[in-house]
Asker: 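I am attaching a structure below and will ask some questions about it afterwards.
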Amino acid sequence: MPRLAALLLALLPVTGMLLQCSPASTSAPMDSPSSVKIQMMTSLPIIWGEGASMENIISGKASPAPIYAHWQKHYDITAVDSFEGLEKSDTDIVLLVQPPAMDPADLAAIDTWVRAGGNAIILTDPQLIWPSSLPLGDKRRPLASGLLSPILGRWNLELQITDDAARNVKLETSGATVTAVGVGAFKLAPRPENGQVECVISAAKSMARCKLDEGRATLVADADFLNDALWPDPVGNATPDAARLIDIFIAELRK
């Protein structure tokens with residue numbers, strides 16, 4: 001069992017109620033697929049908030065960000081710090097959200113698992129602007145730039161910083177539209193003898209949908225849109241489009 005997952009499991013008797021608390025009211029995603037099993041890795045402070053201590057978690061003073069509370073409510077999601085044993089698990093989707101620097105073995109495990117029929121959603125931002133009060137150099141700060149070049153290269157993609165750091169891009173699907181600012185861009189980088197790889201880039205090159213042998217992956221060159229401080233005020237119990245967008249990605253990959 002991954003180390004972080006084991007820690008959270010140990011805390012469940014104390015924090016079970018907290019895990020179910022959502023800071024924002026949301027409606028169910030398209031199919032309410034609560035049985036979808038997701039392994040997520042992130043450097044963003046969305047699980048317990050920035051710099052949360054064990055004491056704050058146990059006392060209930062730390063709480064998940066609205067996006068993570070939404071995922072907890074609608075999916076069987078586990079935050080991990082390793083993908084050891086992924087191929088033997090019953091995971092449906094791997095979710096990488098601006099993950100920290102990853103072990104090469106984890107990157108290889110994801111690549112192998114996806115190609116064998118797994119599904120992945122990857123948000124990798126080349127110029128993250130997520131605010132942080134932690135000092136530069138603190139390992140708890142969100143990763144400023146995506147470090148997934150090894151796996152992107154295996155999937156014939158390159159992540160690029162655009163000339164216009166403030167460019168607005170609409171991330172659109174049938175049912176959700178998110179305006180992202182300062183997003184990166186994907187570039188196709190064909191490499192011979194790299195298995196069956198086919199990627200389609202859209203949304204001003206900021207989104208890619210890839211067919212990788214038997215599996216699929218949806219990638220976005222941005223992660224800042226998950227920051228609820230940037231979301232418009234909710235209307236009633238409507239799910240914010242930022243959360244809805246990931247719901248739709250999940251539904252697409254589960255078809």
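The figures that follow rest on heavy atoms only: side chains count, while hydrogens, waters and symmetry mates do not.
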Asker: Apply side chain to side chain contact (heavy atoms under 4.5 Å, CB included) to residues Val94 and Asn119 and explain how you reach the verdict.
Answerer: CA-CA 6 Å; Val94 162; Asn119 296 310; over 6 Å; no

Asker: Ignoring hydrogens and angles, tell me if any N or O in the side chain of Ser43 forms a donor-acceptor pair with the backbone of Leu143 under 3.5 Å.
Answerer: yes

Asker: Can you check whether Leu152's main-chain N or O pairs, donor with acceptor, with Glu158's side chain at less than 3.5 Å?
Answerer: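 No, Glu158 side chain to Leu152 backbone: no donor-acceptor pair under 3.5 Å.
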
Asker: Restricting to non-hydrogen atoms, name the atom on Leu86 and the atom on Ile110 that form the minimum distance, rounded to 0.1 Å.
Answerer: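 Looking at all heavy atoms of both residues, the closest pair is CD2-CA, 4.1 Å.
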
Asker: May I ask you to test the Ile93-Gln39 pair for a side-chain heavy-atom distance under 4.5 Å?
Answerer: no

Asker: Which atom names give the shortest non-hydrogen contact between Arg244 and Thr239, and what distance separates them?
Answerer: N-CG2, 3.9 Å

Asker: Taking it one step at a time, do Thr91 and Trp113 satisfy side chain to side chain contact (heavy atoms under 4.5 Å, CB included)?
Answerer: CA-CA 10 Å; Thr91 300; Trp113 179 79; 4.1 Å; yes

Asker: Please check if the side chain of Asp106 supplies one atom and the backbone of Ser82 the other of a donor-acceptor pair under 3.5 Å.
Answerer: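 Answer holds: no.
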
Asker: Determine whether Pro142 and Ser132 make a side-chain contact, defined as any pair of heavy atoms from C-beta on separated by less than 4.5 Å.
Answerer: yes

Asker: Could you tell me whether Asp111 and Arg154 make a salt bridge, using a distance below 4.0 angstrom between a side-chain N and a carboxylate O?
Answerer: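 Result for this pair is yes, salt bridge flagged.
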
Asker: Evaluate side chain to side chain contact (heavy atoms under 4.5 Å, CB included) for His74 paired with Val36, printing each intermediate quantity in order.
Answerer: CA-CA 9 Å; His74 297 297; Val36 176; over 6 Å; no

Asker: Please round to the nearest 0.5 Å and tell me the distance separating atom CD1 of Ile129 and atom CG of Asn227.
Answerer: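 Ile129 CD1 to Asn227 CG: 8.5 Å, rounded to 0.5 Å.
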
Asker: Nearest 0.5 Å, what's the CE-CH2 distance between Met40 and Trp71?
Answerer: 6.5 Å

Asker: Any heavy-atom pair between the side chains of Ile46 and Trp130 that's under 4.5 Å?
Answerer: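 Yes; the side chains approach each other to less than 4.5 Å.
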
Asker: Could you tell me which non-hydrogen atom of Ser145 sits nearest to which non-hydrogen atom of Pro126, and how far apart they are?
Answerer: OG-O, 3.0 Å

Asker: Can you tell me how far CG of Asp213 sits from CD of Gln196, rounded to the nearest 0.5 angstrom?
Answerer: 5.5 Å

Asker: Indicate yes or no for a side-chain donor-acceptor contact from Asp241 to the backbone of Val178 under 3.5 Å, with no hydrogens or angles considered.
Answerer: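 Pair absent, no side-chain N/O of Asp241 close to backbone of Val178.
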
Asker: Quick check: is Leu230 connected to Ile67 through a chain of hydrophobic side chains (ILVMFWY, heavy atoms under 4.5 Å apart)?
Answerer: no

Asker: Any chance you could measure Ser206, atom OG, to Leu159, atom CG, to the nearest 0.5 Å?
Answerer: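 Spacing of OG (Ser206) from CG (Leu159) equals 11.0 Å.
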
Asker: Let me check something: do Leu147 and Leu107 share a hydrophobic cluster, defined by ILVMFWY side-chain heavy atoms less than 4.5 Å apart, either directly or through other members?
Answerer: no

Asker: Identify the two heavy atoms, one from Ile161 and one from Gln127, that lie closest to each other, and give their separation to 0.1 Å.
Answerer: CG2-OE1, 3.5 Å

Asker: Would you say the side chain of Leu219 lies within less than 4.5 Å of the side chain of Phe249, judging by non-hydrogen atoms?
Answerer: no

Asker: Passes side chain to side chain contact (heavy atoms under 4.5 Å, CB included), Leu128 versus Asp222? Steps please.
Answerer: CA-CA 7 Å; Leu128 190 80; Asp222 185 67; over 6 Å; no

Asker: Are Phe225 and Leu123 packed together at the side-chain level, in the sense that at least one heavy-atom pair is separated by less than 4.5 angstrom?
Answerer: yes

Asker: Give me each pair satisfying salt bridge (Lys or Arg N to Asp or Glu O under 4.0 Å) with a member in residues 195-212, each pair once, sequence neighbours excluded.
Answerer: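 The answer is Arg209-Glu252.
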
Asker: Closest heavy-atom contact between Gly146 and Gln98?
Answerer: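 It is N-NE2, 3.6 Å.
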
Asker: Counting only N and O atoms by type, is there a donor-acceptor contact under 3.5 Å from the side chain of Arg216 to the main-chain atoms of Leu253?
Answerer: yes

Asker: Under 4.5 Å between any side-chain heavy atoms of His70 and Asp247, yes or no?
Answerer: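 Yes; the side chains approach each other to less than 4.5 Å.
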
Asker: As an exercise, state the distance from CD1 of Ile47 to OG of Ser63, rounded to the nearest 0.5 Å.
Answerer: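 Rounded to the nearest 0.5 Å, the CD1-OG separation comes out at 12.5 Å.
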
Asker: From Lys37 NZ over to Asp76 CG, what is the distance, rounded to the nearest 0.5 angstrom?
Answerer: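 These two atoms lie 4.0 Å from each other.
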
Asker: Residues in side chain to side chain donor-acceptor pair (under 3.5 Å) with Thr112, at least two apart?
Answerer: none

Asker: Any donor and acceptor pair, going by atom type alone, linking the side chain of Asp228 with main-chain N or O of Pro66 inside 3.5 Å?
Answerer: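 Checking the backbone N and O of Pro66 against the side chain of Asp228, no donor-acceptor pair under 3.5 Å is found.
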
Asker: Does Met207 reach the side chain of Phe186, with side-chain heavy atoms less than 4.5 Å apart?
Answerer: no

Asker: Thr124 pairs by side chain to side chain contact (heavy atoms under 4.5 Å, CB included) with which of Leu157, Leu148, Val97?
Answerer: Leu148

Asker: Which atoms form the tightest heavy-atom contact between Thr179 and Lys170, and what is the distance?
Answerer: OG1-CG, 4.0 Å

Asker: What I'd like to find out is whether the side chain of Ile38 reaches to under 4.5 Å of the side chain of Asp92, using heavy atoms alone.
Answerer: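 No, their side chains stay 4.5 Å or more apart.
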
